[in-house]
Amino acid sequence: MLAEVLFGYFAIVILFSGIAGITRKNLVHSLLWILLMFVHLGGVYLLLNAEFLAMVQIIVYAGAILVMFLFVVFLLNLKEEIKQSVFISSWQTRVYCSLLLLFFALAGAFTYKKNYSGNYTIELIERQGHTKTLGLAIFNDYLFPFLILGFILIVPLIGVGIVAIRRKTNGAA
């Protein structure tokens with residue numbers, strides 16, 4: 001009973017903070033909402049007995065990546081962009097975003113499989129341990145998506161560095 005109550009609490013806070021994180025105009029406030037969401041996602045991992053993933057979630061996402069986003073926000077000095085209207089102000093964009101969300105919700109509902117068992121069963125995880133099983137899954141089955149994720153994370157950081165250097169050499173900063 002306590003696990004269901006905690007899961008419900010985490011789910012509600014994750015949904016609310018995720019929506020608040022993408023709807024705030026102030027980027028620092030948005031990042032703080034996302035920080036709250038990352039910490040609560042770590043709580044969900046703890047409820048699922050995935051302690052390693054919970055610690056990685058909090059250390060890597062809530063710590064390192066969010067600090068990197070804060071660094072980017074402060075480095076670019078985005079005060080003038082905050083005054084501009086956001087892209088979601090037009091009703092056409094809202095309709096497209098709503099239809100896209102509806103599509104993903106329906107696709108998830110129709111592809112949901114109850115009692116799905118993959119290659120990594122609970123017995124295998126208990127025998128090998130969470131960390132080893134996760135490492136084997138990432139580096140054997142998901143190496144290419146893992147490398148793409150690393151590339152996706154490094155490209156914006158390089159881009160921000162280039163923009164910051166250009167602003168500094170032009171005297172804008």
Side-chain angles (χ1 to χ4, degrees), residues 1-75 88 97-160:
M1 179 66 187
L2 180 63
E4 287 89 7
V5 171
L6 281 175
F7 184 81
Y9 164 75
F10 286 138
I12 289 170
V13 172
I14 287 168
L15 281 174
F16 177 73
S17 59
I19 291 170
I22 61 173
T23 56
R24 302 295 101 183
K25 287 187 176 182
N26 189 331
L27 291 176
V28 175
H29 293 168
S30 177
L31 289 176
L32 290 175
W33 282 109
I34 292 173
L35 173 67
L36 183 68
M37 183 184 73
F38 284 159
V39 170
H40 281 78
L41 274 172
V44 170
Y45 287 134
L46 279 178
L47 279 178
L48 295 172
N49 292 327
E51 297 86 7
F52 179 74
L53 283 179
M55 293 310 298
V56 167
Q57 174 71 31
I58 291 174
I59 292 171
V60 172
Y61 286 100
I65 291 178
L66 214 57
V67 168
M68 183 183 78
F69 286 162
L70 269 176
F71 179 70
V72 167
V73 167
F74 290 138
L75 189 65
I88 204 160
C97 290
S98 299
L99 288 175
L100 190 66
L101 286 175
L102 181 66
F103 170 75
F104 284 122
L106 289 175
F110 286 123
T111 58
Y112 176 73
K113 296 177 183 174
K114 193 172 184 177
N115 297 328
Y116 174 77
S117 64
N119 297 333
Y120 300 98
T121 61
I122 293 176
E123 294 82 21
L124 178 72
I125 293 171
E126 287 178 352
R127 193 177 26 184
Q128 290 184 339
H130 292 104
T131 309
K132 185 176 180 180
T133 306
L134 180 66
L136 288 172
I138 286 175
F139 291 112
N140 287 337
D141 300 336
Y142 300 103
L143 182 61
F144 188 64
F146 186 70
L147 291 175
I148 289 175
L149 179 66
F151 184 72
I152 289 172
L153 289 175
I154 197 70
V155 166
L157 192 60
I158 293 171
V160 166

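The list of ring-ring contact (aromatic ring centres under 6.0 Å, His included) pairs with a residue in residues 19-45, not counting sequence neighbours, reads Y9-H40, F10-H40, F16-W33, F38-Y61. Within the structure, side-chain hydrogen bond (donor to acceptor under 3.5 Å, both in side chains) contacts touching residues 128-137 (residues at least two apart or in different chains) are Q128-T133.
Across every non-hydrogen atom of V39 and A62, the tightest pair is CG2-CB, 4.3 Å. Of all heavy-atom pairs spanning I19 and T23, the tightest one is O-OG1, 2.8 Å. Among all heavy-atom pairs drawn from N119 and L124, the shortest one is O-CD2, 3.8 Å.
Here the OH-CG distance, from Y142 to L134, works out to 11.0 Å after rounding to the nearest 0.5 Å. Separation of atoms CD1 (I59) and CD1 (I65) is listed at 12.5 Å; rounding is to 0.5 Å. Remark: I34 CD1 to L41 CG distance equals 11.5 Å, nearest 0.5 Å. Separating the CG atom in N26 from the CG atom in L31 is a distance of 9.0 Å, to the nearest 0.5 Å. Between I154 atom CD1 and L149 atom CG the span is 11.5 Å, to the nearest 0.5 Å. To the nearest 0.5 Å, the span separating CE on M37 from CD1 on I22 amounts to 9.0 Å.
Not counting sequence neighbours, V67 has no partner by the side-chain contact (heavy atoms from CB on, under 4.5 Å) test. Applying the ring pair (Phe, Tyr, Trp, His ring centres under 6.0 Å) test to F146 and every residue at least two apart in sequence or in another chain returns F139. Y120 pairs by the side-chain hydrogen bond (donor to acceptor under 3.5 Å, both in side chains) definition with D141, not counting sequence neighbours.
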Between side-chain atoms of residues 48-55 and protein atoms elsewhere (two or more places apart, or another chain), which donor-acceptor pairs fall under 3.5 Å?
none

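Listed for the S17 side chain is a donor-acceptor partner under 3.5 Å among the backbone atoms of V13. Counting only distance, with no hydrogens or angles, the side chain of E4 and the backbone of M1 share a donor-acceptor pair below 3.5 Å.
Heavy-atom contacts from other residues, nucleotides or ligands closer than 6.0 Å to CD1 of I122 number 12 or fewer.
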